[in-house]
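Some notes on the structure that comes next.
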Amino acid sequence: MLIVSNWKAYVQSFDKARKLFALAKRLSAQKGMELVIAPPAPYLSMFAKGNRSNVRIAAQDVSTVTSGAATGETSAALLSDAGVTYVIIGHSERRAAGETDAVVAEKMQRSIANGLTPILCVGESSRDADAKYLQFLRGQITSALALLSAKERQQVIIAYEPIWAIGKTAAEAISPTDLAEMILYIRKILSELIPGKLSVRTRILYGGSAEPVNARTLAGGSRADGFLVGHASVEVGTYTALVKSLA
Ligand code: PGA
(Lines give C-alpha, C1' and ligand atoms only; values in the text may rest on other atoms or scores of the structure.)
Protein backbone atom coordinates (compact mmCIF):
# COMPACT_ATOMS: atom_id res chain seq x y z
CA MET A 1 0.00 0.00 0.00
CA LEU A 2 1.39 3.37 -1.08
CA ILE A 3 0.36 6.36 1.01
CA VAL A 4 1.34 9.78 -0.24
CA SER A 5 0.90 12.62 2.23
CA ASN A 6 0.09 15.86 0.46
CA TRP A 7 0.85 18.48 3.09
CA LYS A 8 -0.29 21.29 0.78
CA ALA A 9 0.18 24.57 2.67
CA TYR A 10 -1.20 23.08 5.89
CA VAL A 11 2.22 22.70 7.52
CA GLN A 12 3.60 26.12 8.32
CA SER A 13 6.55 25.43 10.62
CA PHE A 14 9.70 23.35 10.38
CA ASP A 15 9.05 22.03 13.85
CA LYS A 16 5.74 20.50 12.79
CA ALA A 17 7.23 19.23 9.51
CA ARG A 18 10.05 17.53 11.39
CA LYS A 19 7.64 15.83 13.77
CA LEU A 20 5.49 14.54 10.91
CA PHE A 21 8.54 13.24 9.03
CA ALA A 22 9.77 11.45 12.18
CA LEU A 23 6.31 9.93 12.61
CA ALA A 24 6.26 8.76 8.99
CA LYS A 25 9.65 7.11 9.52
CA ARG A 26 8.29 5.21 12.52
CA LEU A 27 5.11 4.21 10.70
CA SER A 28 7.04 3.07 7.63
CA ALA A 29 8.19 0.08 9.66
CA GLN A 30 4.65 -1.36 9.24
CA LYS A 31 4.71 -4.27 6.88
CA GLY A 32 3.75 -3.64 3.27
CA MET A 33 3.56 0.11 3.84
CA GLU A 34 5.28 2.52 1.48
CA LEU A 35 5.12 6.07 2.74
CA VAL A 36 5.81 9.22 0.76
CA ILE A 37 5.55 12.77 2.13
CA ALA A 38 5.09 15.90 0.04
CA PRO A 39 6.24 18.81 2.20
CA PRO A 40 6.12 22.46 1.15
CA ALA A 41 9.03 23.41 -1.14
CA PRO A 42 11.31 25.08 1.45
CA TYR A 43 11.60 21.83 3.41
CA LEU A 44 12.19 19.48 0.50
CA SER A 45 15.96 19.37 0.47
CA MET A 46 16.17 19.36 4.26
CA PHE A 47 14.36 16.03 4.26
CA ALA A 48 15.43 14.62 0.92
CA LYS A 49 19.17 15.28 0.86
CA GLY A 50 20.94 12.22 2.22
CA ASN A 51 17.63 10.69 3.28
CA ARG A 52 18.33 7.10 4.23
CA SER A 53 14.92 6.28 5.68
CA ASN A 54 12.20 4.24 4.02
CA VAL A 55 10.09 7.36 3.61
CA ARG A 56 10.36 8.97 0.19
CA ILE A 57 10.06 12.66 -0.53
CA ALA A 58 7.71 14.15 -3.13
CA ALA A 59 7.45 17.69 -4.47
CA GLN A 60 3.93 19.15 -4.68
CA ASP A 61 4.64 20.61 -8.11
CA VAL A 62 7.44 21.10 -10.64
CA SER A 63 8.22 23.72 -13.26
CA THR A 64 8.16 23.19 -17.00
CA VAL A 65 11.25 25.39 -17.15
CA THR A 66 14.61 23.63 -17.40
CA SER A 67 16.94 26.44 -16.38
CA GLY A 68 17.86 30.06 -17.08
CA ALA A 69 16.09 33.34 -16.54
CA ALA A 70 12.94 32.06 -14.83
CA THR A 71 12.45 33.72 -11.47
CA GLY A 72 10.63 31.60 -8.92
CA GLU A 73 10.65 28.37 -10.91
CA THR A 74 11.86 25.02 -9.54
CA SER A 75 13.02 22.67 -12.27
CA ALA A 76 12.78 18.89 -12.23
CA ALA A 77 16.59 18.69 -12.34
CA LEU A 78 16.80 20.80 -9.20
CA LEU A 79 14.31 18.58 -7.37
CA SER A 80 16.17 15.50 -8.44
CA ASP A 81 19.49 16.97 -7.30
CA ALA A 82 17.93 17.76 -3.93
CA GLY A 83 17.10 14.08 -3.43
CA VAL A 84 13.39 14.29 -4.23
CA THR A 85 12.08 11.12 -5.90
CA TYR A 86 8.35 11.73 -6.57
CA VAL A 87 6.42 14.70 -7.85
CA ILE A 88 2.69 15.41 -7.70
CA ILE A 89 1.58 16.75 -11.08
CA GLY A 90 -1.72 18.25 -12.14
CA HIS A 91 -3.27 18.51 -8.70
CA SER A 92 -6.71 20.09 -8.98
CA GLU A 93 -5.52 23.01 -6.84
CA ARG A 94 -2.78 23.72 -9.43
CA ARG A 95 -5.23 23.24 -12.30
CA ALA A 96 -7.61 25.69 -10.59
CA ALA A 97 -4.71 28.17 -10.61
CA GLY A 98 -4.57 27.92 -14.40
CA GLU A 99 -2.54 24.81 -15.17
CA THR A 100 -3.68 23.37 -18.50
CA ASP A 101 -3.50 19.79 -19.83
CA ALA A 102 -0.61 20.88 -22.08
CA VAL A 103 1.36 22.18 -19.11
CA VAL A 104 0.65 18.97 -17.20
CA ALA A 105 1.97 16.92 -20.13
CA GLU A 106 5.16 18.97 -20.21
CA LYS A 107 5.69 18.59 -16.47
CA MET A 108 5.27 14.83 -16.83
CA GLN A 109 7.93 14.75 -19.49
CA ARG A 110 10.40 16.93 -17.56
CA SER A 111 9.95 14.87 -14.41
CA ILE A 112 10.57 11.53 -16.04
CA ALA A 113 13.55 12.89 -17.96
CA ASN A 114 15.07 13.81 -14.60
CA GLY A 115 14.37 10.54 -12.83
CA LEU A 116 11.37 11.69 -10.80
CA THR A 117 8.31 9.46 -10.53
CA PRO A 118 5.21 11.47 -11.42
CA ILE A 119 2.03 11.10 -9.43
CA LEU A 120 -0.51 12.32 -11.95
CA CYS A 121 -3.70 13.73 -10.44
CA VAL A 122 -6.90 13.43 -12.44
CA GLY A 123 -10.54 13.75 -11.52
CA GLU A 124 -13.83 15.33 -12.46
CA SER A 125 -15.30 18.34 -10.70
CA SER A 126 -18.80 16.90 -10.74
CA ARG A 127 -20.80 13.98 -12.12
CA ASP A 128 -23.53 14.12 -14.72
CA ALA A 129 -26.25 11.67 -15.66
CA ASP A 130 -24.81 11.23 -19.17
CA ALA A 131 -21.45 10.17 -17.72
CA LYS A 132 -19.59 12.88 -19.60
CA TYR A 133 -17.16 12.92 -16.69
CA LEU A 134 -15.78 9.60 -17.94
CA GLN A 135 -14.80 11.21 -21.22
CA PHE A 136 -13.31 14.09 -19.29
CA LEU A 137 -11.15 11.70 -17.28
CA ARG A 138 -10.06 9.87 -20.41
CA GLY A 139 -9.01 13.21 -21.91
CA GLN A 140 -7.00 14.16 -18.83
CA ILE A 141 -5.09 10.88 -18.74
CA THR A 142 -4.52 10.67 -22.49
CA SER A 143 -3.17 14.19 -22.78
CA ALA A 144 -0.96 13.87 -19.68
CA LEU A 145 0.77 10.80 -21.14
CA ALA A 146 0.89 12.11 -24.71
CA LEU A 147 4.54 13.22 -24.69
CA LEU A 148 5.85 10.07 -23.01
CA SER A 149 7.22 6.97 -24.70
CA ALA A 150 5.58 3.62 -24.03
CA LYS A 151 8.36 2.78 -21.58
CA GLU A 152 8.08 6.09 -19.75
CA ARG A 153 4.33 5.68 -19.36
CA GLN A 154 4.95 2.61 -17.24
CA GLN A 155 6.57 4.75 -14.56
CA VAL A 156 3.54 6.92 -13.95
CA ILE A 157 1.42 6.64 -10.81
CA ILE A 158 -2.18 7.80 -11.17
CA ALA A 159 -4.05 9.52 -8.35
CA TYR A 160 -7.77 9.56 -9.01
CA GLU A 161 -9.07 12.55 -7.10
CA PRO A 162 -12.66 13.59 -7.80
CA ILE A 163 -12.66 17.30 -7.00
CA TRP A 164 -16.09 17.09 -5.37
CA ALA A 165 -14.59 14.84 -2.69
CA ILE A 166 -11.43 16.80 -1.89
CA GLY A 167 -11.06 18.54 1.46
CA LYS A 168 -14.40 17.34 2.82
CA THR A 169 -15.07 14.56 5.32
CA ALA A 170 -15.12 10.78 5.00
CA ALA A 171 -18.92 10.92 4.73
CA GLU A 172 -18.59 12.89 1.49
CA ALA A 173 -15.83 10.76 -0.05
CA ILE A 174 -16.53 8.35 -2.89
CA SER A 175 -18.17 5.00 -2.11
CA PRO A 176 -16.06 1.83 -2.41
CA THR A 177 -18.29 0.58 -5.26
CA ASP A 178 -17.96 3.79 -7.26
CA LEU A 179 -14.22 3.84 -6.64
CA ALA A 180 -13.90 0.24 -7.83
CA GLU A 181 -15.70 1.21 -11.04
CA MET A 182 -13.45 4.22 -11.60
CA ILE A 183 -10.31 2.19 -11.06
CA LEU A 184 -11.49 -0.36 -13.61
CA TYR A 185 -12.25 2.43 -16.04
CA ILE A 186 -8.81 4.00 -15.53
CA ARG A 187 -7.21 0.59 -16.05
CA LYS A 188 -9.08 0.28 -19.33
CA ILE A 189 -7.78 3.66 -20.49
CA LEU A 190 -4.25 2.73 -19.44
CA SER A 191 -4.43 -0.55 -21.31
CA GLU A 192 -4.95 1.48 -24.48
CA LEU A 193 -1.98 3.73 -23.72
CA ILE A 194 0.55 1.27 -22.37
CA PRO A 195 1.36 -1.66 -24.60
CA GLY A 196 0.99 -5.30 -23.76
CA LYS A 197 -0.20 -6.27 -20.32
CA LEU A 198 2.14 -3.89 -18.54
CA SER A 199 -0.59 -1.42 -17.63
CA VAL A 200 -1.86 -3.81 -14.94
CA ARG A 201 1.21 -2.82 -12.95
CA THR A 202 0.41 0.90 -12.93
CA ARG A 203 -0.38 2.01 -9.44
CA ILE A 204 -3.68 3.80 -8.99
CA LEU A 205 -4.27 5.80 -5.82
CA TYR A 206 -7.42 7.41 -4.52
CA GLY A 207 -7.51 10.92 -3.07
CA GLY A 208 -10.39 12.96 -1.68
CA SER A 209 -11.24 12.87 2.01
CA ALA A 210 -9.51 9.61 2.75
CA GLU A 211 -9.58 9.42 6.54
CA PRO A 212 -8.96 6.77 9.20
CA VAL A 213 -12.66 5.84 9.21
CA ASN A 214 -13.02 5.11 5.49
CA ALA A 215 -9.58 4.27 4.09
CA ARG A 216 -9.67 0.57 4.88
CA THR A 217 -13.13 0.05 3.43
CA LEU A 218 -12.22 2.05 0.34
CA ALA A 219 -9.05 0.06 -0.20
CA GLY A 220 -10.72 -3.30 0.40
CA GLY A 221 -13.68 -2.59 -1.82
CA SER A 222 -11.82 -1.13 -4.76
CA ARG A 223 -8.36 -2.62 -5.18
CA ALA A 224 -6.81 0.84 -5.01
CA ASP A 225 -3.05 0.59 -4.63
CA GLY A 226 -2.98 3.37 -2.07
CA PHE A 227 -4.02 6.90 -1.22
CA LEU A 228 -3.08 10.51 -1.77
CA VAL A 229 -4.02 12.07 1.54
CA GLY A 230 -4.41 15.76 2.30
CA HIS A 231 -5.91 16.98 5.57
CA ALA A 232 -5.75 13.62 7.34
CA SER A 233 -1.99 13.45 6.75
CA VAL A 234 -1.02 16.57 8.68
CA GLU A 235 -2.33 15.69 12.13
CA VAL A 236 -0.38 13.16 14.19
CA GLY A 237 -3.49 11.33 15.40
CA THR A 238 -5.32 11.00 12.09
CA TYR A 239 -2.18 10.16 10.11
CA THR A 240 -1.17 7.44 12.57
CA ALA A 241 -4.66 5.98 12.61
CA LEU A 242 -4.95 6.08 8.83
CA VAL A 243 -1.65 4.29 8.23
CA LYS A 244 -2.36 1.73 10.93
CA SER A 245 -5.83 1.06 9.53
CA LEU A 246 -4.24 0.02 6.24
CA ALA A 247 -1.37 -2.04 7.64
P1 PGA B 1 -7.95 15.71 1.15
O2 PGA B 1 -6.98 16.15 -0.06
O3 PGA B 1 -7.45 14.39 1.66
O4 PGA B 1 -7.80 16.81 2.16
O5 PGA B 1 -9.32 15.60 0.58
C6 PGA B 1 -6.52 15.23 -0.98
C7 PGA B 1 -5.76 15.96 -2.06
O8 PGA B 1 -6.18 17.07 -2.43
O9 PGA B 1 -4.73 15.47 -2.55
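Read the numbers this way: they start at 1 and go in the same order the structure lists the ligands and their atoms.
Note that OG1 of Thr240 is 4.0 Å distant from CG of Leu23, once rounded to the nearest 0.5 Å.
Nearest protein neighbour of atom 4 (O) of ligand 1, counting heavy atoms only, is His231 ND1, 2.5 Å. At the top of the distance list for atom 2 (O) of ligand 1, counting protein heavy atoms only, stands Lys8 NZ, 3.2 Å.
Proximity to Ile166 (heavy-atom distance under 4.0 Å) selects the following atoms of ligand 1: 2 (O), 5 (O), 8 (O). Annotation for ligand 1: atoms under 4.0 Å from non-hydrogen atoms of Asn6 are 9 (O). Each of the atoms 5 (O) of ligand 1 lies under 4.0 Å from some heavy atom of Gly208. Listed by number with element, the atoms of ligand 1 under 4.0 Å from a non-hydrogen atom of Ser209 are 1 (P), 3 (O), 5 (O). Each of the following atoms of ligand 1 lies closer than 4.0 Å to a heavy atom of His91: 7 (C), 8 (O), 9 (O).
Annotation for Arg127: atom CZ counts as buried by contact number, over 12 foreign heavy atoms lying within 6.0 Å. Within 6.0 Å of NZ in Lys151 there are 12 or fewer heavy atoms belonging to other residues, nucleotides or ligands.
Here's the thing with Tyr10: none of its N/O atoms is less than 3.5 angstrom from an N/O atom of ligand 1. Considering both main-chain and side-chain atoms, Glu161 comes within under 3.5 Å of ligand 1 through a nitrogen or oxygen pair.
Between Phe14 and Phe21, the distance from one ring center to the other does not fall under 6.0 angstrom.
Side-chain contact check for Leu27 versus Met33: every heavy-atom pair is 4.5 Å or farther apart.
For His91 and Glu99, the side-chain atoms include no donor-acceptor pair closer than 3.5 Å. No side-chain donor-acceptor contact under 3.5 Å links Trp164 and Glu172.
Residue nearest to atom 5 (O) of ligand 1, selected from Ala170, Pro162, Gly167, Gly230: Gly167 (by heavy-atom distance).
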